[in-house]
A.B. asks: 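One structure follows; several queries about it will come next.
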Amino acid sequence: MLLIKELRDNRESVKERLWKRAFRNTELIDEIIDLDEKRRSIKAELDDLLNKTKTRSKEIGNLYKGGQREEAEQMKAEMASLKEQVRLREDEHRKLEVKIEEILVRIPNLPHESVPAGSSDADNVVVKEGGTMPSLPEGAQTHWELAAKYDLIRFEAGTKITGSGFPVFSGMGARLQRALVNFFLDRATRAGYHEFSPPLLVNKDSAFATGQLPDKDGQMYYINEDDLYLIPTAEVPLTNLFRDKLLKEEDLPQKLVGYTPCFRREAGSYGKDVRGLNRLHQFDKVEIVQIAHPEKSYEILDQMIDHVESLLLELELPYRLLRLCGGDLGFTSALTFDFEVYSAAQQKWLEVSSVSNFESFQANRLKLRFKDKDGKNRLLHTLNGSALAFPRIIAALLENKQTKDGIEMPAVLRPYLGFDKIA
RNA sequence: GGAGGAAUGGCGGAGUGGUCGAACGCACCGGUCUUGAAAACCGGAGACCCUUCACGGGGUCCGGGGGUUCGAAUCCCUCUUCCUCCGCCA
């Protein structure tokens with residue numbers, strides 16, 4: 001959530017920046033500022049009335065103490081109209097606050113200056129490519145064909161048990177997923193991230209604080225009976241560990257990692273790109289999160305990107321790094337880099353990681369601050385990144401590493417797997 | 001699920017109708033002492049909102065919401081959470 005002060009102080013540049021990320025309702029900024037102006041003037045009146053009320057109350061107390069009953073009673077009678085005025089102003093004030101909040105929560109984050117202009121993923125900028133493209137054998141198969149051939153994933157079984165988009169991993173497929181969990185967690189731990197295993201259901205406050213609500217309402221699975229949401233990413237519970245916290249500067253940065261399943265309704269996305277593991281309702285992911293000093297967050301963003309890149313290199317996958325354009329930026333993000341791996345048999349780039357700096361957008365909702373050197377409380381910056389999301393990694397591994405007589409596993413996974421090759 | 005107790009500042013913990021934003025301790029900041037540090041001593045210091053160029057001034061906040069009262073951390077209602085005991089259970 002943006003700060004109203006920021007809107008007020010930089011009204012026009014805020015609008016321009018929102019425009020850049022394809023947010024067109026910039027008249028809402030004017031509306032907020034107007035409402036806030038009203039709010040502040042009422043607040044001044046309110047405070048004045050409250051001040052009078054308070055003073056009178058004390059006087060009444062003193063009158064009673066001094067035995068001046070009659071005077072006290074008289075003054076009490078006079079209080080009635082004052083109280084009524086207070087009530088009216090309070091009411092008005094609260095209504096304005098609610099109205100402002102309603103609008104404000106629907107304004108996305110301001111893009112970082114380095115975010116390229118653009119309206120869709122076609123305008124994302126490739127900043128780097130790495131790894132080496134495989135040369136596939138004759139008659140190479142897609143990962144869903146390979147999954148069937150070696151009984152790694154049973155898509156139809158998942159459809160029967162739950163519905164489409166809920167695959168069942170089987171045998172060496174399940175082993176491969178488990179190996180990846182351990183590999184990713186070990187690498188993150190080695191890089192200084194503290195491992196957590198958080199709840200998979202979160203309440204409204206948490207979903208709001210990291211920005212899923214109200215923006216992503218309808219995209220999360222919701223348990224009506226208990227008013228809880230299934231997490232779409234570990235970002236939600238992990239970041240919310242720090243909700244309402246006041247940190248010390250020397251405790252920064254905080255680095256956390258968690259492995260969790262993720263649940264997404266993916267309402268409205270049918271047809272294309274949903275074959276096999278490309279898009280699922282439930283998938284597993286290891287997520288890294290950092291809570292950073294505002295002046296260090298971009299440096300940390302780079303570190304997180306390096307970490308993710310190192311994983312892809314170790315897995316021997318061809319990848320590219322994209323700088324997301326304004327139109328493709330997530331609601332809460334100021335700057336996002338995506339990693340895509342090449343899925344050779346599908347001949348498609350698949351997004352496997354998204355690394356973002358949210359600056360103070362989430363911290364504002366989280367009320368996540370630190371005390372700086374001057375003793376002032378300042379909002380922190382939050383960042384996160386997938387490191388990594390499993391299904392598309394698995395898809396790429398299967399397709400890229402296939403040979404005539406099996407699928408070779410990357411060297412780093414062998415100790416975790418207990419085998420070298422799926423055959 | 002049943003019975004009882006509790007929720008206070010970054011943390012711990014007093015406070016049961018008026019001058020309490022709140023004693024005290026820890027942590028924190030400044031100073032004295034010291035070659036330096038520690039200890040000791042002295043002093044400072046809550047968060048948020050409104051207002052002011054600034055100094056400052058005003059308001060709100062003692063788990064959330066509502067109520068009683070001229071006045072609530074303190075009384076009442078309600079919700080949430082935690083603890084203890086009983087029951088059930090992976």
Side-chain angles (χ1 to χ4, degrees), chain A residues 1-9 32-101 103-105 197-209 213 223-229 237 240-254 291 293 360 363-380:
Chain A
M1 195 155 62
L2 299 174
L3 296 162
I4 294 183
K5 189 170 163 28
E6 166 87 7
L7 269 41
R8 229 168 34 210
D9 294 348
I32 288 175
I33 293 172
D34 287 352
L35 288 168
D36 188 55
E37 220 140 281
K38 251 181 234 158
R39 195 207 110 237
R40 279 150 59 212
S41 102
I42 286 168
K43 167 81 167 134
E45 292 174 33
L46 210 207
D47 285 354
D48 191 51
L49 288 167
L50 282 170
N51 182 18
K52 282 190 181 128
T53 317
K54 252 176 107 166
T55 317
R56 298 282 150 84
S57 285
K58 274 181 192 156
E59 284 171 21
I60 289 170
N62 288 332
L63 287 173
Y64 273 120
K65 239 177 244 169
Q68 296 166 278
R69 262 195 87 82
E70 228 165 88
E71 288 85 340
E73 295 295 335
Q74 194 185 330
M75 206 156 187
K76 271 208 240 182
E78 289 167 14
M79 289 285 278
S81 80
L82 202 53
K83 283 177 74 179
E84 178 59 17
Q85 287 187 64
V86 167
R87 220 185 50 74
L88 250 59
R89 292 295 189 295
E90 268 175 349
D91 210 51
E92 259 181 290
H93 189 257
R94 187 183 337 196
K95 276 185 188 144
L96 283 167
E97 272 184 328
V98 169
K99 183 88 188 137
I100 290 166
E101 167 99 356
I103 303 173
L104 198 56
V105 296
S197 189
L200 307 182
L201 279 75
V202 295
N203 58 31
K204 274 205 166 80
D205 286 345
S206 295
F208 174 79
L213 289 178
I223 314 278
N224 189 48
E225 194 159 12
D226 298 293
D227 198 19
L228 295 171
Y229 294 86
N240 270 282
L241 281 166
F242 287 87
R243 176 144 53 88
D244 293 321
K245 293 281 187 199
L246 181 63
L247 300 185
K248 292 177 187 159
E249 189 161 352
E250 62 263 33
D251 293 333
L252 299 173
Q254 290 282 328
I291 312 292
H293 190 289
S360 60
N364 187 210
R365 290 191 184 191
L366 290 156
K367 294 188 175 45
L368 168 55
R369 299 162 301 168
F370 75 105
K371 206 169 267 297
D372 73 8
K373 297 237 157 59
D374 304 324
K376 282 237 276 277
N377 293 342
R378 296 170 59 193
L379 291 173
L380 284 157

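Order of the sequence lines sets the chain letters (A, B, ...), proteins ahead of strands, with each chain counted from 1. Computed over heavy atoms, backbone and side chain alike; hydrogens, waters and symmetry mates excluded.
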A.B. asks: Suppose we screen for ring pair (Phe, Tyr, Trp, His ring centres under 6.0 Å). Which residues come up paired with A:Phe370, at least two apart in sequence or across chains?
C.D. replies: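 Checked A:Phe370 against ring pair (Phe, Tyr, Trp, His ring centres under 6.0 Å); matches are A:His293.
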
A.B. asks: Please name all residues satisfying side chain to side chain contact (heavy atoms under 4.5 Å, CB included) with A:Asp9, sequence neighbours left out, ordered by chain then number.
C.D. replies: A:Lys5

A.B. asks: When the side chains of residues 52-63 of chain A are checked against the rest of the protein, which donor-acceptor pairs come out under 3.5 Å, sequence neighbours left out?
C.D. replies:
residue, atom, partner, partner atom, Å
A:Thr53, OG1, A:Leu49, O, 2.7
A:Thr55, OG1, A:Asn51, O, 2.6
A:Ser57, OG, A:Thr53, O, 3.2
A:Asn62, ND2, A:Lys58, O, 3.4

A.B. asks: In chain order, what residues pass the side chain to side chain contact (heavy atoms under 4.5 Å, CB included) check against A:Glu6, with sequence neighbours excluded?
C.D. replies: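 Only A:Leu3, A:Asn10, A:Val14, A:Arg17, A:Leu110 meet the side chain to side chain contact (heavy atoms under 4.5 Å, CB included) criterion with A:Glu6.
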
A.B. asks: If you measure from the C1' atom in B:G63 to the same atom in B:G5, how many Å do you get, rounded?
C.D. replies: 16 Å

A.B. asks: In the structure shown, which nucleotide is the Watson-Crick or G-U wobble counterpart of B:C11, with both distances under 3.5 Å?
C.D. replies: B:G25

A.B. asks: What N/O pairs connect the protein and nucleotides 50-54 of chain B at under 3.5 Å? Give each pair on its own line.
C.D. replies:
residue, atom, partner, partner atom, Å
B:U51, OP1, A:Arg40, NE, 3.1
B:U51, OP1, A:Arg40, NH2, 3.2

A.B. asks: To the nearest angstrom, how far is A:Lys245 atom NZ from B:G9 atom C1'?
C.D. replies: 15 Å

A.B. asks: Name the pairing partner of B:A45, where a pair is Watson-Crick or G-U wobble with both distances under 3.5 Å, or state none.
C.D. replies: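 Pair assignment: B:A45 / none.
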
A.B. asks: Please tell me which of A:Leu46 and A:Asn377 maps to the more 5' nucleotide of RNA chain B, matching each residue to the nucleotide holding its nearest heavy atom.
C.D. replies: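 It is A:Asn377, whose closest nucleotide lies nearer the 5' terminus.
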
A.B. asks: Ignoring hydrogens and angles, write down the donor-acceptor pairs under 3.5 Å from the side chains of residues 68-82 of chain A, residues two or more places apart or on other chains.
C.D. replies:
residue, atom, partner, partner atom, Å
A:Glu73, OE2, A:Tyr64, OH, 2.8
A:Lys76, NZ, A:Tyr64, OH, 3.0

A.B. asks: Could you check whether A:Lys371 gets within reach of a base, just the sugar-phosphate, or nothing at all, counting any heavy atom under 4.0 Å?
C.D. replies: sugar-phosphate

A.B. asks: Please name all residues satisfying side chain to side chain contact (heavy atoms under 4.5 Å, CB included) with A:Asp36, sequence neighbours left out, ordered by chain then number.
C.D. replies: A:Ile4, A:Arg8, A:Arg39, A:Arg40, A:Ile100

A.B. asks: Which nucleotide, if any, forms a Watson-Crick or G-U wobble pair with B:C70, using both distances under 3.5 Å?
C.D. replies: B:G18

A.B. asks: Which atoms of nucleotides 61-67 of chain B (N or O only) lie under 3.5 Å from a protein N or O atom, and what are those distances?
C.D. replies:
residue, atom, partner, partner atom, Å
B:G66, OP1, A:Arg94, NH1, 3.2

A.B. asks: Roughly how far apart, to the nearest Å, are B:C11 and B:C20 at atom P?
C.D. replies: 24 Å

A.B. asks: Counting primed atoms plus P, OP1 and OP2 as sugar-phosphate and everything else as base, spell out the protein contacts along nucleotides 69-80 of chain B at 4.0 Å heavy-atom distance: B, S or - for each nucleotide, 5' to 3'.
C.D. replies: -BS---------

A.B. asks: Need the pair for B:G36. Rule: Watson-Crick or G-U wobble, both distances under 3.5 Å, any strand; none if unpaired.
C.D. replies: none

A.B. asks: In whole Å, what is the span from the NZ atom of A:Lys367 to the P atom of B:C49?
C.D. replies: 10 Å

A.B. asks: Could you check how far CG of A:Leu3 sits from P of B:C48, rounded to whole Å?
C.D. replies: 12 Å

A.B. asks: Using the P atom in both, what is the distance from B:A27 to B:U51, to the nearest Å?
C.D. replies: 39 Å

A.B. asks: With sequence neighbours left out, what residues match A:Asp205 under side chain to side chain contact (heavy atoms under 4.5 Å, CB included)?
C.D. replies: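 Once residues adjacent in sequence are excluded, the partners of A:Asp205 under the side chain to side chain contact (heavy atoms under 4.5 Å, CB included) criterion are A:Asn203, A:Arg243.
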
A.B. asks: Take atom NZ of A:Lys371 as the centre, draw a 6.0 Å sphere, and report whether it contains more than 12 heavy atoms from other residues, nucleotides or ligands.
C.D. replies: yes

A.B. asks: Could you check how far CG of A:Asp251 sits from P of B:C28, rounded to whole Å?
C.D. replies: 12 Å

A.B. asks: Charged N to carboxylate O under 4.0 angstrom, A:Glu84 versus A:Arg87?
C.D. replies: yes

A.B. asks: Applying a 3.5 Å limit to both distances, which nucleotide forms a Watson-Crick or G-U wobble pair with B:C82?
C.D. replies: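 Pair assignment: B:C82 / B:G5.
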
A.B. asks: Students often get this wrong, so: under 4.0 angstrom with heavy atoms, is A:Arg369 touching a base, only sugar-phosphate, or nothing?
C.D. replies: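 Sugar-phosphate, no base atom in range.
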
A.B. asks: Judged by each residue's nearest nucleotide on RNA chain B, which is more toward the 5′ side, A:Lys248 or A:His93?
C.D. replies: A:Lys248

A.B. asks: Go through the structure and list residues passing salt bridge (Lys or Arg N to Asp or Glu O under 4.0 Å) with A:Lys43, not counting sequence neighbours.
C.D. replies: A:Asp47

A.B. asks: Output all residues satisfying salt bridge (Lys or Arg N to Asp or Glu O under 4.0 Å) with A:Asp34, sequence neighbours left out; order by chain, then residue number.
C.D. replies: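 Salt bridge (Lys or Arg N to Asp or Glu O under 4.0 Å) list for A:Asp34, sorted by chain: empty.
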
A.B. asks: Measure from the side-chain N and O atoms of A:Asn377 to the backbone N and O of A:Arg369, and report whether any donor-acceptor pair falls under 3.5 Å.
C.D. replies: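 No; zero donor-acceptor contacts below 3.5 Å.
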
A.B. asks: What is the distance, rounded to the nearest whole Å, between atom CG of A:Asp372 and atom C1' of B:G10?
C.D. replies: 15 Å

